[in-house]
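Every chain is numbered from 1, with letters handed out A, B, ... down the list of sequences. What you see is a predicted model, and the numbers here were worked out from it, not measured in a lab.
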Amino acid sequence: MKRDASIALVLFALVALLPLSGEAYWMRLGTTMLMYGVLAMSWNFIGGMAGYPSFAVAAFFGLGAYAGAVAQKFGVPMGFAWVGAGLLALVFAALLGVALLRLRGHYFAIASLVVAEVLRELVNSMTGLTGGGMGLNLPIPAMASVDAQARFFFYVMLLLAAVTFTAMLITANSKLGFGLRCIQQNESAADMLGVDTTFYKVSAFMLSGVFVGVAGAVYASWVYYIEPPDVFDVLYSVKAIVMVLLGGAGSMFGPLVGAAAFLSLEELVWRNYLEVHTGVLGLMIVLLVLFLPKGLISLSQRLGRRGKLR
Amino acid sequence: MAEPLLRISGLDAGYGDVQVLWGVSLEVPRAEISCLVGSNGAGKTTLMRALSGLIEARSGSIVLDGKPLAGASPEAVLGAGIAHVPEGRRLFAAMSVRDNLLMGAYLRRDGKAAIGSDLEKAFAMFPILRQRSMQDAGTLSGGEQQMCAIARGLMGRPRLLLIDELSLGLAPLVVDELCERLRALNREGLTILVVEQDVAIALELASTAFVMDTGRVTRSGASAAFADDPAIREAYLGTI
């Protein structure tokens, strides 16, 4: 655990140096990567540790984005709006978890997939509060320059990613994490040994919701304008899952490595294959998952083992 | 006769609309090995599941040493002292043998030292598990997995150990070895209730036997009497 914490500290410190580049493009990319990292790490709680394939990331993200935006519309200061959005996502995840986590496997996946769609329709129809399909504008934070703003949101996402990582590290090394791994491998056996599976699964689901909720709210403030199809986009769920699988499910650095790798691929492919970029991206992901089923993070172990043999 | 450790009376239980157990009553004598035999679908596993709180009793009572347990959660049942070694072993395949055993002590609050000494005891009882302690449980042979599952049950320091399908899919030699270990545990005072399809093995191992049929306990008594009973011989052992 100490080793993981030190590696993470170095990693986050290095990422924190990114603004020195001074380039707006890198700032935007860095902020996006950190946000993806938060989504992927959050999914790791429920999908990687407990083994429940949740597609609810988009639901938490959209909920957080709208909660933050609506709160600010009523004059709540930005920081409080973000934290409030996270708390709302936490409570929502608890209620949703109690209902959905009775289902297992594909059934759970489908049920969690529907949640974002339902929320999107609700937000669409509550025109008075949310602006419906017209979207919602957010107050632009008063800052000296566009560059200062970009730096501000970069550091906020960095802080959020660091908090999420810390929560993940603590959870993985706690009784909760041990219990979740047992649930993943054999839920009925875990039940039999006295693990309170319902409570544990709901806790994991809440952890997978709270940070995504904050990320959604920060994202809304960052881009000033949100609309339902944007923040309730099912791709947020899919990307989070793909990033974790790419990096290594259940591992500590898998989600972050996956987020960085996924975003790099996305940027690279987007630039070079403008017409067929999603096709090429999909193909690359299929290849990676086929040949590296335990994710990029397993590459270091493999290489290490080979080195030892020599 | 001493007060039985476990007393079940009039227990009804089942799944959804299907009732499986119909007024099951039995008394598990203290510090003895008992067995529960019966054909497929008689309700043996359902009774085990109801006992350990995995399914809820619809009516009737389960009393362990004066403590009512009907309707209790699996945690509460384990806490009260009933450990369940499930059918088909149900180990955590991708976790080490050692971690599997430690999981058995999950609910215990008596500190690492006590758990560590029990782990030592478990390894002493099943030396092969010590050799395999860092190996994934999924890589063990069937017999070793059953040992691991039993040892995991023991790590909860139970007063009553339930074992569902002790011999299922295991070689006769391994079954003999397991029976020997269970007798040793019993000599130390542990009460054991074994569900077993192989009636010959069950009657040899246990001193008290219960026969289940279509969700009811149809007969109970000393195993020795059963082994000599022509009706039982014909129904379960086959005539020679």
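- Listed options B:A94, B:S52, B:P86, B:A93 were ranked by heavy-atom pairs under 4.5 angstrom with chain A; first place goes to B:A94.
- Atoms CG and SG, on B:L91 and A:C182 in that order, are 11.0 Å from each other to the nearest 0.5 Å.
- Of all the heavy atoms in B:P74 and A:D191, the pair that sits closest is CB-O, 3.4 Å.
- Taking all atoms of both residues into account, the shortest heavy-atom contact from A:A189 to B:R90 is CB-O, 3.2 Å.
- To the nearest 0.5 Å, atom CD of residue A:Q184 and atom CE of residue B:M95 are 10.0 Å apart.
- Heavy atoms of other residues, nucleotides or ligands lying less than 6.0 angstrom from CZ of A:R181 number more than 12.
- For NZ of A:K175, the number of neighbouring non-hydrogen atoms (other residues, nucleotides, ligands) closer than 6.0 Å is greater than 12.
- The number of heavy atoms from other shown groups lying within 6.0 Å of CZ (A:F291) does not exceed 12.
- Relative orientation of the A:F178 and B:Y106 rings is parallel, given thresholds of 30° and 60° on the angle between their planes.
- Counted within 6.0 Å of CZ on A:R102, heavy atoms from surrounding residues, nucleotides or ligands total 12 or fewer; the atom is thus considered open.
- For the atom pair B:E87 CD and A:S188 OG, the distance stands at 11.5 Å (nearest 0.5 Å).
- For the pair B:M103/A:V195, a side-chain contact is recorded, criterion being any heavy-atom separation below 4.5 Å from C-beta on.
- Both the backbone and the side chain of B:D99 come within less than 4.5 Å of a heavy atom in chain A.
- Once rounded to the nearest 0.5 Å, the distance linking CG of B:N100 with CD of A:Q185 reads 7.5 Å.
- A heavy-atom distance below 4.5 Å is found between the side chains of A:L193 and B:F92.
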